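Just below is one structure, and these are the notes that go with it.
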Amino acid sequence: MVLTQLRAIELSIQMLSVQPDTKPKGCAGCNRKIKDRYLLKALDKYWHEDCLKCACCDCRLGEVGSTLYTKANLILCRRDYLRLFGVTGNCAACSKLIPAFEMVMRAKDNVYHLDCFACQLCNQRFCVGDKFFLKNNMILCQTDYEEGLMKEGYAPQVR
Ligand SMILES: [Zn+2]
Ligand SMILES: [Zn+2]
Ligand SMILES: [Zn+2]
Ligand SMILES: [Zn+2]
């Protein structure tokens, strides 16, 4: 099984006034030059006020509390982000709730606090992409998993 890490990225949007003597910036949304008096800066790019929109509800993000959320190349408002990704659920290790916007580890249908995700026998931590095993809903590192199999004397099951 391979670990994936989910991270909510919250970014602030800056509203800048355009200096009349500077060269107009290109908008990352529509690729046209920004000739308005104000422009938005987000994700290290410049945007028309009308072009920085939520991919789901089309609301103008320059007005909604001036933060945006990105995930998988989507730009979303807070409401849609919460609706799509916000419900993180309970940690499978300590069974406490994982708040939205906290980084989590996901394994199969289970989610874990970053701090809770470790081999439950030797406390070894895992990195993204590391191999780990779930046995009776216990997280195990490869060594402990294989040792357990040898003690019990049965062949490894392919998951
Ligand atoms: Zn634009
Ligand atoms: Zn939205
Ligand atoms: Zn936990
Ligand atoms: Zn271990």
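The first residue of the sequence shown is numbered 1, and numbering continues consecutively from there. Bear in mind that the values here come from a model prediction, so they are computed numbers and not experimental data. Just follow the structure's listing: the first ligand is 1, and inside any ligand the first atom is 1.
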task: Give the cluster check for Leu61 versus Met15: same hydrophobic cluster or not, with ILVMFWY residues linked at side-chain heavy-atom distances below 4.5 Å.
output: yes
statement: To the nearest 0.5 Å, atom CG of Leu68 lies from atom CD1 of Ile75 at 6.0 Å
task: Just to the nearest 10 degrees, tell me the angle at the Zn ion (ligand 1) spanned by Cys27 SG and Cys30 SG.
output: 110°
- prompt: Looking at SG of Cys51 and CG of Asp36, how far apart are the two atoms once the value is rounded to the nearest 0.5 Å?
  reply: 9.0 Å
statement: Between Cys119 atom SG and Cys122 atom SG, the angle centred on the Zn ion (ligand 4) rounds (to 10°) to 110°
task: Scan Ile139, Asp115, Leu114 and name whichever one has a side-chain contact (heavy atoms from CB on, under 4.5 Å) with Met105.
output: Leu114
- prompt: At the Zn ion (ligand 3), what's the angle from Cys116 SG to Cys94 SG, rounded to 10 degrees?
  reply: 110°
query: If you look at every heavy atom in Leu39 and Lys25, which pair is closest and at what distance?
result: CD2-CG, 4.3 Å
task: Tell me which N, O or S atom of His113 sits nearest to the Zn ion (ligand 3).
output: ND1
Closest His48 atom to the Zn ion (ligand 1) [N, O or S only]: ND1
statement: For the Zn ion (ligand 4), the nearest N/O/S atom on Asp144 is atom OD2
